[in-house]
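In what follows, chains are A, B, ... by sequence order, proteins preceding strands, each numbered from 1. Just so you know, these numbers use all the heavy atoms, side chains as well, and skip hydrogens, waters and symmetry mates.
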Number of protein chains: 4
Amino acid sequence: MGGTMDGTKQQRRGDTRQRIQDVALALFAEQGYEKTSLREIAERLGVTKAALYYHFKTKEEIIVSLFEDLTRPLGELIEWGRQQPHTLETKQEIVRRYSEALAAAAPLFRFMQENQATVRELRIGDTFKSRMTGLRDIIIDPEARLTDQVRCVSALFTLHAGMFVMQDLEGDPEERRKAVLEVAIDLVTQAHQGAHGDA
Amino acid sequence: MGGTMDGTKQQRRGDTRQRIQDVALALFAEQGYEKTSLREIAERLGVTKAALYYHFKTKEEIIVSLFEDLTRPLGELIEWGRQQPHTLETKQEIVRRYSEALAAAAPLFRFMQENQATVRELRIGDTFKSRMTGLRDIIIDPEARLTDQVRCVSALFTLHAGMFVMQDLEGDPEERRKAVLEVAIDLVTQAHQGAHGDA
Amino acid sequence: MGGTMDGTKQQRRGDTRQRIQDVALALFAEQGYEKTSLREIAERLGVTKAALYYHFKTKEEIIVSLFEDLTRPLGELIEWGRQQPHTLETKQEIVRRYSEALAAAAPLFRFMQENQATVRELRIGDTFKSRMTGLRDIIIDPEARLTDQVRCVSALFTLHAGMFVMQDLEGDPEERRKAVLEVAIDLVTQAHQGAHGDA
Amino acid sequence: MGGTMDGTKQQRRGDTRQRIQDVALALFAEQGYEKTSLREIAERLGVTKAALYYHFKTKEEIIVSLFEDLTRPLGELIEWGRQQPHTLETKQEIVRRYSEALAAAAPLFRFMQENQATVRELRIGDTFKSRMTGLRDIIIDPEARLTDQVRCVSALFTLHAGMFVMQDLEGDPEERRKAVLEVAIDLVTQAHQGAHGDA
DNA sequence: CATGAATGAGTTTTCATTCAT
DNA sequence: TATGAATGAAAACTCATTCAT
């Protein structure tokens with residue numbers, strides 16, 4: 001009992017925490033946070049509920065840990081952005097990298113997009129909001145016309161929408177991602193030129 | 001006991017159903033559908049949970065009824081749109097009217113925006129999705145370039161974002177609504193001109 | 001289905017709250033508060049756990065309600081005591097009546113005696129402590145010698161011990177109660193005379 | 001890694017069992033037995049729960065071991081008492097020594113005082129009860145009047161109360177201990193004289 | 001039109017305990 | 001001597017729903 005060579009149970013030693021996160025994220029994204037019970041997560045993993053509590057103190061801690069692990073690149077992007085000059089090139093680069101960060105952690109962002117009410121009540125809510133604000137403030141010129149400010153926010157939102165809502169548009173995913181990115185960059189560009197002279 | 005003349009309780013005769021809907025929508029929008037219990041709704045109304053069941057067969061029926069009552073104008077808008085020629089003017093008008101429909105039922109749309117995971121599982125999910133698709137198909141030219149299709153979806157999303165996410169932008173609400181509308185119309189216009197050859 | 005004349009289920013209509021209190025107190029006194037689960041209470045009553053929650057918001061509320069209902073006479077006794085002159089007769093009367101109050105709510109006091117650690121953490125802890133202090137201050141002369149103060153506290157404690165610890169002494173209960181009361185009154189008398197001259 | 005010279009961890013080699021007992025007793029006395037979890041004890045010690053199981057087979061064994069270790073003097077006291085003649089001096093000496101034994105193991109006795117319901121269910125319950133009975137039988141004359149028997153039990157109880165309940169009386173602890181002892185001895189003396197002639 | 005009383009199925013969480021290493 | 005990982009059983013509590021009155 002408990003053979004050593006077969007990978008089924010063996011290779012899992014030590015990575016349970018990771019596996020919990022994976023399964024949890026998949027289920028949270030699919031059904032929502034509240035509708036996903038710990039029983040369900042545990043069952044799908046073939047462990048008991050109590051095992052989850054060995055690795056995470058509460059249900060909330062599971063989603064918080066996911067958020068922290070997966071949005072780290074986003075935090076770094078903002079850090080980077082803050083230190084750049086507010087040129088058009090910087091803004092475009094931000095949009096480009098944000099699009100990549102989004103794609104890299106797609107399931108988490110889908111979850112956050114579709115469970116905003118929940119996220120707002122969770123500890124991560126504020127963190128995320130402040131990050132989005134940080135991002136916004138990098139691409140928005142404070143003295144820009146309101147319309148152009150809207151364009152910037154709209155650019156970010158377009159990226160989000162691109163991930164989750166435009167999936168039934170024609171074309172293959174990569175093509176679509178490019179198109180979405182183009183529109184977003186276009187919006188930021190228009191906003192920048194609106195603010196900086198340019199007939 | 002149970003005086004007849006004072007307006008406090010009297011006025012309310014017969015409109016209990018309506019009051020349930022109001023309170024429910026407020027709570028659903030504020031805390032999310034799953035986190036709002038019937039007990040909470042009943043308590044805020046000063047009635048018992050059982051009373052809710054006199055007016056609605058299930059919890060889901062409450063949200064469904066809200067959806068049906070409040071999105072009727074949206075259905076009519078789509079109906080109207082379908083019968084118009086697909087000119088730029090029509091598209092712009094659609095966007096303008098959609099913006100109004102959104103504002104008229106803001107709490108419901110906020111709810112739907114922030115509880116997409118929930119909505120998807122509910123009966124209303126499909127209905128809503130098909131409406132959004134209908135709307136999209138009116139403003140999108142099927143033979144347009146992918147980028148321009150994205151612009152159209154983005155226009156709709158900008159309107160949504162305008163309602164719920166851009167509230168911390170400067171300016172008073174009315175000004176903001178106009179700016180948002182301007183950007184949306186602009187997106188649709190760009191898309192249309194991209195598709196219909198122009199200078 | 002649901003006959004009308006047999007008393008088994010019928011006469012219980014409306015007194016469920018009372019029955020919960022009765023069963024709960026019996027179990028709390030027998031096994032302690034923490035070791036008594038709501039499941040156990042519910043089972044013994046032939047209802048579901050959820051039914052308990054219809055009548056009491058939490059487990060703690062059950063014991064709090066018992067405490068409030070059953071110690072009311074004690075509160076009144078203290079009120080009465082405060083308004084009397086601090087004569088020996090008053091003190092003796094207090095002891096006598098306290099003994100009666102104790103006997104009248106014996107299971108509750110047994111519970112509190114045997115679960116002091118629990119009681120301390122519960123909401124009732126402070127209330128009870130302040131009552132005991134109030135009682136003490138009526139029978140203690142603040143300027144009395146320390147020994148006599150101790151005698152007064154000891155008198156109260158003797159009454160408690162009489163209820164729960166001396167049950168294996170010889171004699172029938174009534175006789176024992178009298179003997180305990182005599183010793184307690186004696187202690188208070190000694191204390192009073194120690195403080196007020198008297199060879 | 002894991003230096004050898006600093007006393008922090010080194011001193012502790014071998015005395016883990018003792019340290020578990022110390023921490024456990026402190027927590028049991030403070031919060032009660034049931035409300036104290038092994039996790040809490042382990043955390044406070046900086047070890048894992050499993051380490052506790054190396055030293056004690058069960059949670060109950062921890063409290064049992066404490067009881068056995070700390071009440072040994074009490075057992076010897078009773079042994080000694082049984083072999084003495086039942087004179088007044090012996091009784092007074094018993095009370096005096098009991099008071100000391102109580103003070104020497106105050107936290108344990110506080111625990112037992114405040115968790116009687118728990119203690120009763122534990123293995124130590126019977127042992128302790130039989131000891132108290134043993135003690136009682138030494139200072140009680142079986143042919144004494146009921147009142148005087150009560151006085152003897154009351155004397156013991158007064159000692160207990162003196163440890164835990166009278167802490168908010170005036171005076172410094174040592175003074176208080178003496179006063180309590182005086183009252184207890186007085187009670188035993190009265191009882192003895194009541195039984196042995198004396199007008 | 002509405003309530004009082006209750007239920008069944010579920011939730012998150014905690015706990016003492018085990019065991020291979 | 002100890003730990004890391006896990007379990008089984010149970011706890012308190014919540015919820016949507018039902019139904020006789």
Side-chain angles (χ1 to χ4, degrees), chain A residues 1-2 9 12-17 20 34-42 45-62, chain B residues 9 12-17 34-42 45-62, chain C residues 1-2 4 9 12-17 34-42 45-62, chain D residues 12-14 16-17 34-42 45-62:
Chain A
M1 189 182 289
K9 278 241 161 184
R12 285 171 174 170
R13 178 83 50 62
D15 65 344
T16 304
R17 194 189 143 93
I20 293 172
E34 343 263 351
K35 299 255 291 185
T36 303
S37 71
L38 296 183
R39 178 182 53 67
E40 214 173 344
I41 297 175
L45 279 166
V47 297
T48 59
K49 275 174 290 165
L52 305 186
Y53 278 90
Y54 178 76
H55 294 280
F56 299 94
K57 268 208 282 292
T58 62
K59 186 184 179 187
E60 183 169 352
E61 228 198 64
I62 299 180
Chain B
K9 280 236 161 183
R12 286 166 175 174
R13 214 194 312 118
D15 64 345
T16 302
R17 193 190 144 92
E34 342 263 351
K35 298 255 288 189
T36 302
S37 69
L38 294 185
R39 177 177 56 64
E40 216 173 342
I41 297 174
L45 278 166
V47 299
T48 57
K49 270 182 293 172
L52 305 185
Y53 279 88
Y54 179 81
H55 295 278
F56 298 94
K57 265 209 286 291
T58 64
K59 186 185 180 187
E60 183 168 353
E61 227 198 64
I62 298 179
Chain C
M1 188 185 288
T4 332
K9 280 242 160 182
R12 283 169 177 171
R13 180 81 50 64
D15 65 344
T16 304
R17 194 190 143 93
E34 343 263 352
K35 299 255 289 185
T36 303
S37 71
L38 296 184
R39 179 182 52 68
E40 215 174 344
I41 298 175
L45 279 166
V47 298
T48 58
K49 274 176 291 166
L52 305 186
Y53 280 92
Y54 178 77
H55 294 280
F56 299 93
K57 267 207 284 291
T58 62
K59 186 184 179 187
E60 183 168 351
E61 226 198 66
I62 299 181
Chain D
R12 287 168 173 173
R13 212 192 316 118
T16 303
R17 192 190 145 93
E34 342 264 352
K35 297 256 288 188
T36 302
S37 70
L38 296 184
R39 178 178 55 64
E40 215 173 343
I41 297 174
L45 280 166
V47 298
T48 57
K49 269 182 295 172
L52 305 184
Y53 278 89
Y54 179 80
H55 294 281
F56 299 95
K57 267 208 286 288
T58 64
K59 186 185 181 187
E60 183 168 353
E61 228 198 63
I62 299 180

Partners passing salt bridge (charged side-chain N to carboxylate O under 4.0 Å, His left out) against D/Arg17 (at least two apart in sequence or in another chain): none
Counterpart residues, side chain to side chain donor-acceptor pair (under 3.5 Å), relative to B/Glu40 (two or more places apart): B/Gln31
Separation of E/dG8 P from C/Arg39 CZ (nearest whole Å): 16 Å
Of C/Glu34 and A/Val47, the one whose closest DNA chain F nucleotide lies more 5': A/Val47
Among E/dC15, F/dT3, F/dA6, the one nearest A/Thr16 by side-chain distance: F/dA6
Nearest-Å distance for atom pair NZ/C1', residues C/Lys35 and E/dA16: 12 Å
Value in whole Å for how far the C1' atom of F/dA5 lies from NZ of A/Lys49: 18 Å
Any donor-acceptor N/O pair, D/Lys35 side chain to C/Glu34 backbone, under 3.5 Å: no
Check: D/Ser37 main-chain N/O paired with D/Lys49 side-chain donor or acceptor under 3.5 Å: no
Dot-bracket summary - DNA chain E, pairs being Watson-Crick or G-U whose distances fall under 3.5 Å, with | when paired to another strand: .||||||||||||||||||||
Worked check of side-chain contact (heavy atoms from CB on, under 4.5 Å) between A/Ile20 and A/Val47: CA-CA 10 Å; A/Ile20 293 172; A/Val47 297; 5.8 Å; no
Strand contacts (DNA chain F) in residues 50-60 of chain D, 4.0 angstrom heavy-atom criterion: D/Ala50, D/Ala51, D/Tyr54, D/His55
Value in whole Å for how far the C1' atom of E/dT11 lies from CD of A/Glu40: 12 Å
Distance (rounded to the nearest 0.5 Å) between D/Thr16 OG1 and D/Leu52 CG: 10.0 Å
Phosphate OP1/OP2 of F/dA2 contacted by D/Thr48 side-chain N/O (<4.0 Å): no
Contact nearer the 5' end of DNA chain E, comparing A/Leu38 with D/Thr36: A/Leu38
Atom pair distance, as rounded to whole Å: CD1 in A/Ile62 and C1' in E/dT12: 11 Å
Gap separating the CD1 atom of B/Ile62 from the CG atom of B/Leu38, nearest 0.5 angstrom: 5.5 Å
